[in-house]
Amino acid sequence: MFRNFFSSTALVSAVFFLSSTSAVMANQPSALATPTLKISGTSSFNSWFFNNKKKLLRGDRDGSPCKLQRYGRGQLFSVDDSRLRFTVDGKLDTGMEYGLVFVLDGDPSAGKTSREAYLFAGGSWGKVYLGDTYGVLSTMAFGGWDQWGGTGFIDGNPDRVVNFTTGAPHSVNLVGDTSRDTKLTYLTPRWEGVQLGVTYVPRSEHRGEQTINSITSTVSPKKPFDTDNISNGVNFIHKFASGFEMALSATSVFAARTHPEIQAAAHRKKTFGYAFGGTFSYSDIGFSVEYGNNNRSREIKNHKVNAGQFIDFGLSYKWGATKFSTGYYYAWRKALSDTNTTKRAKTNAVAAAIDQKLAPGLGVYIEYNYYNMKNRAAKAEAARANVINPCDFTGAVPSNKANVFIVGSRLVF
């Protein structure tokens with residue numbers, strides 16, 4: 001009886017409390033709005049004309065008629081960077097923003113449709129990203145690629161048609177960059193132009209709902225991977241009264257442990273690298289530069305080689321709806337020959353592009369790239385990789401020169 005009495009009393013009290021709360025909320029309208037859905041996307045169509053001086057070395061398995069993967073000269077159509085982005089975002093009464101993002105890959109040859117999937121939340125305390133998306137190495141850095149037009153030069157898709165020399169570095173990304181692997185990222189609020197950021201990845205190569213594999217690389221071809229990979233970034237952005245704008249960045253990446261491709265493979269040096277970059281603009285002129293150093297990231301411990309260094313530059317000029325741009329890239333590293341002596345592997349590359357805007361979100365471009373790659377230890381490094389990792393065959397591409405001309409169009413909405 002007492003239980004029923006107390007229950008009834010509690011029920012009446014609850015109803016009274018809810019009624020009172022509703023009345024208060026009615027007098028103070030909530031700022032909480034229904035989350036909104038935004039859809040955006042991009043795609044480009046490119047026509048490539050290319051000429052490579054070298055293909056795979058004779059005798060390599062990939063050079064057989066059934067497994068030919070490299071080309072000398074030719075022409076190619078490609079549909080690149082087709083993405084469809086769905087963003088659901090909302091805002092709490094406290095002012096905190098939150099949301100969910102899915103990015104779908106429109107590549108018909110892709111094995112998976114989902115490219116990115118992550119949650120985010122932000123407020124006066126900063127912003128947090130959780131899921132499969134890019135980290136601070138991609139979102140906080142500045143470099144020559146900020147100015148490059150067309151397909152993006154060496155930061156685009158040149159491997160569509162260029163036979164990159166084995167062992168010659170050809171990337172503006174630090175070794176150990178976790179791309180879209182599952183991660184947690186925190187960015188501070190920007191104060192006096194300065195912002196800090198950190199990204200943590202428990203296991204590189206892991207995405208989505210994959211089960212963890214702690215002893216073997218899960219990508220193809222297999223490569224060294226990290227556990228407890230951490231990247232840091234700091235940048236500074238300022239616009240002067242004269243109209244001159246400056247943006248500076250410093251980024252780094254390191255791992256608590258770096259694992260070989262497969263359990264029985266040779267032990268690797270831990271991932272550790274850093275980069276400094278800057279972008280400067282005044283009126284319609286832009287200039288960007290970057291220097292990156294991979295130290296000995298993921299190289300075999302007892303080999304006297306390194307993972308390379310690189311510099312990249314970019315210069316652009318806008319004239320109405322037209323953008324003219326040029327770029328330069330140079331990278332070098334110590335490679336190990338078959339006589340256990342070190343050789344200098346390097347890549348020199350230049351680019352020029354003209355982009356023309358036709359309508360909001362629609363443009364066309366023409367671009368020219370030249371690559372000069374050298375590594376006298378290319379064959380030895382490929383042979384050594386095949387011994388270390390018998391799961392995937394590596395065909396050697398010797399020192400090569402390549403010319404690429406592209407005519408393309410891009411739609412962004």
Side-chain angles (χ1 to χ4, degrees), residues 29-46 79-108 110-142 145-146 148-152 155-157 177-190 195 197-199 201 207-209 233 235 237 239 245 247 279 318 321 323 355-365 408-413:
S30 172
L32 183 63
T34 302
T36 59
L37 171 64
K38 300 176 183 178
I39 302 176
S40 59
T42 180
S43 186
S44 62
F45 178 83
N46 297 307
V79 178
D80 298 306
D81 304 321
S82 296
R83 312 281 185 261
L84 195 58
R85 182 187 186 94
F86 296 85
T87 303
V88 179
D89 56 16
K91 192 173 184 179
L92 300 178
D93 290 341
T94 59
M96 188 184 84
E97 299 175 347
Y98 64 96
L100 169 68
V101 176
F102 290 119
V103 179
L104 303 184
D105 193 338
D107 180 6
K112 298 180 180 178
T113 304
S114 178
R115 183 176 177 84
E116 294 181 63
Y118 63 94
L119 301 167
F120 68 86
S124 58
W125 43 268
K127 202 162 188 177
V128 172
Y129 299 87
L130 308 99
D132 301 330
T133 188
Y134 297 96
V136 297
L137 293 184
S138 298
T139 61
M140 297 193 69
F142 300 105
W145 27 269
D146 286 324
W148 297 342
T151 62
D155 194 35
N157 304 297
D177 187 335
T178 55
S179 184
R180 302 182 308 279
D181 298 344
T182 310
K183 57 176 57 70
L184 166 64
T185 296
Y186 169 69
L187 303 179
T188 67
R190 191 170 293 280
Q195 185 177 49
V198 60
T199 294
V201 179
R207 297 183 184 181
E209 300 179 4
N235 63 28
I237 301 175
K239 184 174 182 178
E245 295 183 61
T279 290
K318 293 181 181 179
K323 174 184 174 180
D355 292 68
Q356 179 66 43
K357 183 178 180 180
L358 303 178
L362 178 64
V364 294
Y365 48 84
S409 61
R410 179 181 293 109
L411 174 64
V412 179
F413 65 91

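Please read these numbers as outputs of a predicted model, since none were measured by experiment.
By the 6.0 Å contact criterion, CZ on Phe45 is enclosed, its count of non-hydrogen atoms from other residues, nucleotides or ligands being greater than 12.
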Item to complete: Go through Asp105 and Thr113 one step at a time and tell me if the side-chain hydrogen bond (donor to acceptor under 3.5 Å, both in side chains) criterion holds.
Response: CA-CA 5 Å; Asp105 193 338; Thr113 304; over 6 Å; no
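The shortest distance between side-chain heavy atoms of Asp107 and Arg115 does not fall below 4.5 Å. A 4.5 Å side-chain heavy-atom check between Tyr186 and Trp125 finds at least one atom pair inside the cut-off.
Between the CZ atom of Arg410 and the CG atom of Asn46 there is a distance of 7.5 Å, given to the nearest 0.5 Å. Here NZ of Lys183 is found 6.5 Å from OG1 of Thr199. Values are rounded to the nearest 0.5 Å. Within the model, atoms CD of Gln356 and OG of Ser409 stand 13.5 Å from one another, a figure rounded to the nearest 0.5 Å. Taken from CD in Glu116 to CZ in Phe102, the straight-line distance is 11.5 Å, to the nearest 0.5 Å.
Here the shortest heavy-atom pairing between Ser82 and Ser43 reads OG-OG, 2.7 Å. The two atoms that bring Leu184 and Val128 nearest to each other are CD1-CG1, 3.6 Å, heavy atoms only. Heavy-atom minimum distance, Ile237 versus Ala247: CG1-CB, 4.1 Å.
Salt bridge annotation for Arg83-Asp81: present, with a cationic side-chain nitrogen under 4.0 angstrom from a carboxylate oxygen.
Proximity of a side-chain donor or acceptor of Glu245 to a complementary backbone N or O of Lys239 within less than 3.5 Å is not detected. Judged by distance alone, with hydrogens and angles left aside, the side-chain atoms of Asp132 form no donor-acceptor pair with the main-chain N or O of Arg207 at under 3.5 Å.
Every side-chain contact (heavy atoms from CB on, under 4.5 Å) that Asp177 has, sequence neighbours left out, goes to Leu137, Ser138, Asn173. Among residues two or more places apart in sequence or in another chain, the side-chain contact (heavy atoms from CB on, under 4.5 Å) test is passed with Asp155 by Trp145, Trp148, Val172.
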What pairs of donor and acceptor atoms, side-chain ones from residues 35-42 against any protein atom, are under 3.5 angstrom apart with sequence neighbours left out?
unit_1, atom_1, unit_2, atom_2, d
Thr36, OG1, Asp89, OD1, 2.8
Thr42, OG1, Leu411, O, 3.4

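Remark: of the listed residues Asp80, Thr151, Asn157, Val364, Asp80 is the sole one forming a side chain to side chain contact (heavy atoms under 4.5 Å, CB included) with Ser44.
Ring planes of Phe120 and Tyr129: tilted class, angle from 30 to 60°.
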